[in-house]
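Heads up, the thing below is written out as structure tokens.
We count residues from 1, following the sequence as given.
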Amino acid sequence: MTSRAAICSAALVASLLGMGLAGAGARADTPGSLHELLCDRTVHVYYGVGNQIEFLAANGDSYFWQPGSAAVIEGTWRIGETQEGGAQICFQYAQDALRPGYDGEEFCFSGDWFLGTFLRDGLRDGDPYNLRSGTPPYVLAAQPPLDIASLSMDFPDDARSTSCSANLS
């Protein structure tokens, strides 16, 4: 990451923390702890284009609900280790799936940065929105940040799988 990108990322995380949107102290210092935290859970993040929701299945499949889309984008996720020894999460989707010109290459985020994008209470067990079906329950708005408590009333948590070892690299 370039120093400019690192500064922008740090500023984004700091602003999210300042607005009270980031995950409530969620930390994952090792690949194993990050995997345990995220495996077979749905994450609610807020960065870049705004609200984004993704179910991270135990088998390494991912189901991404992006704002403005009437379809779920299927991909893969895995946990790895950075060159510095920290945890990272990596995603990969089909060519052009995220936007025109996306090359289909895997991209990764440091675990701490990724956790810093979580909305408050933005980590839910299982797939409460049934994203595996390929169709989200409605078209997600980019703004304002989601109120997870109200979503939880309409979409209760799902059961979490007990087989979360397939995608640890």
Side-chain angles (χ1 to χ4, degrees), residues 9 12-13 16 21-24 26 28 31 34-80 87-111 113-169:
S9 292
L12 174 64
V13 171
L16 289 171
L21 298 174
L34 183 61
H35 184 265
E36 175 59 30
L37 182 67
L38 299 176
C39 182
D40 206 48
R41 289 203 161 127
T42 298
V43 298
H44 300 71
V45 300
Y46 187 82
Y47 72 94
V49 297
N51 291 305
Q52 299 171 56
I53 298 176
E54 190 153 14
F55 172 59
L56 306 173
N59 67 356
D61 290 340
S62 65
Y63 303 88
F64 180 46
W65 182 10
Q66 71 177 358
S69 180
V72 171
I73 300 169
E74 293 185 32
T76 59
W77 74 285
R78 69 174 183 85
I79 300 296
Q88 67 179 4
I89 183 166
C90 301
F91 297 94
Q92 188 169 19
Y93 306 93
Q95 185 173 342
D96 295 322
L98 297 178
R99 65 185 178 288
Y102 167 64
D103 61 8
E105 290 292 317
E106 179 180 75
F107 56 93
C108 301
F109 302 103
S110 77
W113 184 89
F114 186 68
L115 295 178
T117 66
F118 279 28
L119 289 165
R120 184 180 315 273
D121 301 322
L123 187 62
R124 302 198 48 211
D125 286 347
D127 182 16
Y129 311 110
N130 194 26
L131 298 180
R132 284 180 280 212
S133 73
T135 305
Y138 56 87
V139 175
L140 183 64
Q143 310 290 334
L146 291 171
D147 176 1
I148 306 305
S150 65
L151 277 176
S152 296
M153 286 188 258
D154 293 333
F155 302 96
D157 279 357
D158 196 8
R160 189 169 175 217
S161 171
T162 57
S163 59
C164 284
S165 59
N167 61 347
L168 226 176
S169 60

Quiz item: Atom OH of Tyr63 and atom CD of Glu74: how far apart are they, to the nearest 0.5 Å?
Solution: 5.0 Å

Quiz item: Are any non-hydrogen side-chain atoms of Phe114 and Gln88 less than 4.5 angstrom apart?
Solution: no

Self-check item: Qualifying side chain to side chain donor-acceptor pair (under 3.5 Å) pairs with a residue from residues 125-137, counting only residues at least two apart or across chains
Solution: Arg41-Asp125, His44-Tyr129, Arg124-Tyr129, Asp127-Arg132

Quiz item: Tell me, do Trp65 and Pro137 make a side-chain contact under 4.5 Å, heavy atoms counted?
Solution: yes

Self-check item: Shortest non-hydrogen separation from Ser69 to Pro136 and the atoms involved
Solution: O-CG, 3.9 Å

Self-check item: Nearest heavy atoms of Pro31 and Ala87, plus distance in Å
Solution: N-CB, 3.6 Å

Self-check item: Atom CD of Glu36 with >12 non-hydrogen neighbours under 6.0 angstrom
Solution: no

Quiz item: Got a second to check how far Thr42's OG1 is from Phe155's CZ, nearest 0.5 Å?
Solution: 11.5 Å

Quiz item: Are any of the side-chain heavy atoms of Leu115 and Leu34 separated by less than 4.5 Å?
Solution: yes

Quiz item: If you round to the nearest 0.5 Å, how far is CG of Asp154 from OH of Tyr138?
Solution: 8.0 Å

Self-check item: Pair Phe55 and Trp77, ring centroids less than 6.0 Å apart
Solution: no

Exercise. Can you measure from CG (Leu146) to CG (Leu140) and round to the nearest 0.5 angstrom?
Key: 5.5 Å

Exercise. Could you grab the distance from atom CG of Asp96 to atom CD1 of Ile73, nearest 0.5 Å is fine?
Key: 11.0 Å

Quiz prompt | Shortest non-hydrogen contact between Ala142 and Val49, atoms and distance | solution = CB-O, 3.1 Å

Quiz prompt | Side-chain donor/acceptor of Gln52 to backbone N/O of Pro67, under 3.5 Å | solution = no

Quiz item: Can you name the residues that form a side-chain hydrogen bond (donor to acceptor under 3.5 Å, both in side chains) with Glu105, not counting sequence neighbours?
Solution: none

Quiz item: How are the rings of Phe109 and Trp113 set relative to one another: parallel (under 30°), tilted (30 to 60°) or perpendicular (over 60°)?
Solution: parallel

Practice problem: Tell me, please, which residues at least two apart from Glu54 pass side-chain hydrogen bond (donor to acceptor under 3.5 Å, both in side chains). | Solution: Ser62, Tyr93

Self-check item: Atom pair CD1/CG of Ile79 and Leu56 - distance to nearest 0.5 Å
Solution: 8.0 Å

